[in-house]
Chemist: 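Got a structure for you, written out below as structure tokens; questions coming shortly.
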There are 2 protein chains.
Amino acid sequence: MKSNSNNTYHVFFTNLANPLKINIIINLKEKEKNVTELSKELNVEQSKISHALSSLKCCNIVQAKQKGKQRIYFLNKKTIIPMLKLIDKHAQNFCRGKCLECK
Amino acid sequence: MKSNSNNTYHVFFTNLANPLKINIIINLKEKEKNVTELSKELNVEQSKISHALSSLKCCNIVQAKQKGKQRIYFLNKKTIIPMLKLIDKHAQNFCRGKCLECK
DNA sequence: AACACATATGAACTAAAATTCATATGAAAT
DNA sequence: ATTTCATATGAATTTTAGTTCATATGTGTT
């Protein structure tokens, strides 16, 4: 019963179920950035950013390119942008604007 | 920087980041069911099902109606079905069909 | 080849979420 | 009003995921 794609769903959602990763994603919506920039703008320690990016990258939610000694991360917008829109709509329609933590 | 809707995203994804909840959702795609039916079909202990349903319900990912002493749960398909489709496409296009756990 | 800047990685620790299990609540039937 | 079937709930425990920090790797500069 627990199919293969069910596991894909689980892996995917688990990867996104983290506030820092969400903040990174939102931040990368406007513009691609390197690790140090993200670290400064979000005011979060570098290795935390690296760890977060690493798992986002492994699902291809973000991608990266090298530029000198910097690594520039950019968002794979194909999936994420429409997904966030779905959640926005869901929150409006079914949760009075925002989903609340369920104890 | 950490906006309000960022938290909605986090709550929403966290709610879905669980293999049992995914299995419940997939199971409810075909047909609405009560707790006992889900428990038997997924071969999962009743209180686990109830806990899972309770948090899915609080985000209105599932909804419920009473029928005698049973509570029938059904999927709010508006959000979830297109979201799962997005992930299917993502997996095909960017992850060779399935997302793999990232260590 | 030594150095500095940029990023990644591993492992121990901490935090958060899921499971378990005993029990409470609820709804109908007798 | 007692019993039975159905579901929910709380709290302790276990599991899983995130953080931290020290250090490794990688890239360019002198």
Side-chain angles (χ1 to χ4, degrees), chain A residues 2 6-7 9-25 27-28 32-74 99-103, chain B residues 2 6-7 9-25 27-28 32-74 99-103:
Chain A
K2 179 184 198 157
N6 286 16
N7 190 51
Y9 300 141
H10 173 228
V11 168
F12 195 89
F13 286 129
T14 300
N15 202 347
L16 291 170
N18 173 294
L20 173 56
K21 288 181 192 169
I22 296 294
N23 284 332
I24 289 175
I25 286 169
N27 194 292
L28 290 181
E32 60 186 31
K33 290 187 184 137
N34 67 39
V35 177
T36 303
E37 285 171 327
L38 285 168
S39 177
K40 282 180 182 159
E41 293 188 23
L42 298 174
N43 194 29
V44 167
E45 194 257 319
Q46 175 264 316
S47 81
K48 264 174 93 169
I49 301 282
S50 278
H51 278 298
L53 286 169
S54 151
S55 58
L56 288 174
K57 184 162 181 292
C58 112
C59 271
N60 277 296
I61 295 164
V62 302
Q63 297 171 311
K65 61 188 176 190
Q66 198 74 21
K67 183 188 171 192
K69 37 184 165 178
Q70 299 166 31
R71 187 161 297 171
I72 315 281
Y73 283 88
F74 55 99
C99 289
L100 300 178
E101 215 103 13
C102 332
K103 61 178 165 309
Chain B
K2 178 181 199 161
N6 286 14
N7 190 50
Y9 299 142
H10 175 227
V11 168
F12 195 89
F13 286 131
T14 300
N15 202 347
L16 291 169
N18 174 291
L20 173 56
K21 289 180 191 169
I22 297 293
N23 284 333
I24 289 175
I25 285 169
N27 194 294
L28 291 180
E32 61 185 31
K33 288 181 187 145
N34 67 39
V35 178
T36 303
E37 286 171 326
L38 284 169
S39 178
K40 282 180 183 159
E41 292 188 23
L42 298 174
N43 194 30
V44 167
E45 193 257 319
Q46 175 265 318
S47 81
K48 264 174 93 169
I49 301 281
S50 279
H51 279 297
L53 286 169
S54 152
S55 58
L56 288 174
K57 182 162 180 294
C58 109
C59 271
N60 278 295
I61 295 164
V62 303
Q63 298 170 311
K65 61 187 175 190
Q66 197 75 22
K67 184 189 170 191
K69 36 184 164 177
Q70 299 166 31
R71 187 160 298 171
I72 315 281
Y73 283 88
F74 55 99
C99 289
L100 301 177
E101 214 105 13
C102 330
K103 57 177 165 309

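Below, read A as the first sequence line, B as the second, and so on, with proteins coming before strands; counting in each chain starts at 1. The basis for the numbers below is simple: all heavy atoms, side chains too, and nothing from hydrogens, waters or symmetry mates.
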Chemist: Starting from C1' on dA6(C), measure out to CG on N34(A) and report it in whole angstrom.
Modeler: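 So the CG-C1' distance, N34(A) to dA6(C), works out to 8 Å.
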
Chemist: Does any non-hydrogen side-chain atom of N7(B) lie less than 4.5 Å from one of V11(B)?
Modeler: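 The answer is yes, as the side chains (C-beta and beyond) meet within the 4.5 Å cut-off.
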
Chemist: Check side-chain contact (heavy atoms from CB on, under 4.5 Å) between S54(B) and all other residues, then give those that pass, not counting sequence neighbours.
Modeler: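 Testing S54(B) for side-chain contact (heavy atoms from CB on, under 4.5 Å), a comparison that skips the adjacent residues, returns K103(A).
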
Chemist: Send over the distance from K33(A) NZ to dA6(C) P, rounded to a whole Å.
Modeler: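 That distance rounds to 17 Å.
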
Chemist: Taking all non-hydrogen atoms of both residues into account, name the closest pair between K48(B) and L20(B) and its distance.
Modeler: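 Heavy atoms only, the tightest pair is O-CD2, 3.9 Å.
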
Chemist: Which residues pass the side-chain contact (heavy atoms from CB on, under 4.5 Å) test with K57(A), not counting sequence neighbours?
Modeler: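 For K57(A), the residues satisfying side-chain contact (heavy atoms from CB on, under 4.5 Å) (neighbours in sequence not counted) are V62(A), A64(A), Y73(A).
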
Chemist: What's the spacing between I61(B) CD1 and I25(B) CD1 if we round to 0.5 Å?
Modeler: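 The CD1 atom of I25(B) is 6.0 Å from CD1 of I61(B), to the nearest 0.5 Å.
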
Chemist: Tell me whether N15(A) contacts the main-chain N or O of S55(A) through its side chain, where contact means a donor paired with an acceptor under 3.5 Å.
Modeler: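 Here the side-chain-to-backbone pair exists.
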
Chemist: Which heavy atom of C58(A) sits nearest a heavy atom of L100(B), and at what distance?
Modeler: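 Heavy atoms only, the tightest pair is SG-O, 4.1 Å.
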
Chemist: Which residue in the set L16(B), I49(B), L56(B), L53(B) passes side chain to side chain contact (heavy atoms under 4.5 Å, CB included) when paired with K21(B)?
Modeler: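 Going through the options one by one, the only one that passes is L56(B).
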
Chemist: Over how many whole Å does the gap from N23(B) atom CG to dA18(C) atom C1' extend?
Modeler: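 Atom CG in N23(B) sits about 14 Å away from atom C1' in dA18(C).
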
Chemist: Rounding to an integer number of Å, can you tell me how far Q70(A) CD sits from dA4(C) C1'?
Modeler: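 Result: 14 Å.
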
Chemist: Mind listing the closest non-hydrogen atom pair of Q63(A) and N60(A) along with its distance?
Modeler: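 Closest heavy-atom pair between Q63(A) and N60(A): NE2-OD1, 3.5 Å.
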
Chemist: Tell me which residues in residues 43-51 of chain B lie within less than 4.0 Å of DNA chain C, going by non-hydrogen atoms.
Modeler: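 Heavy-atom contacts with DNA chain C come from S47(B), K48(B), H51(B).
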
Chemist: Could you check how far CD1 of I72(B) sits from P of dA27(C), rounded to whole Å?
Modeler: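 The distance from CD1 of I72(B) to P of dA27(C) comes to 15 Å, rounded to the nearest Å.
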
Chemist: Show me the pairs that pass salt bridge (Lys or Arg N to Asp or Glu O under 4.0 Å) and involve residues 62-73 of chain A, at least two apart or across chains.
Modeler: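 Salt bridge (Lys or Arg N to Asp or Glu O under 4.0 Å) check on residues 62-73 of chain A returns E32(A)-K65(A).
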
Chemist: Using heavy-atom distances to pick each residue's nearest nucleotide on DNA chain D, tell me which of T36(B) and R71(A) is more 5'.
Modeler: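 So the residue in question is T36(B).
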
Chemist: Identify the 5'-most and 3'-most nucleotides of DNA chain D with at least one atom closer than 4.0 Å to a non-hydrogen atom of chain A.
Modeler: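 Listing 5' to 3', DNA chain D meets chain A from dA17(D) to dG28(D).
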
Chemist: Return the residues of residues 53-66 of chain B meeting this criterion: a heavy atom under 4.0 Å from some atom of DNA chain C. Order them by number, or give none.
Modeler: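 Hits under 4.0 Å, by residue number: Q66(B).
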
Chemist: How close do L38(B) and K33(B) get, counting heavy atoms only, and between which atoms?
Modeler: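 So the minimum-distance heavy-atom pair works out to CG-CB, 4.1 Å.
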
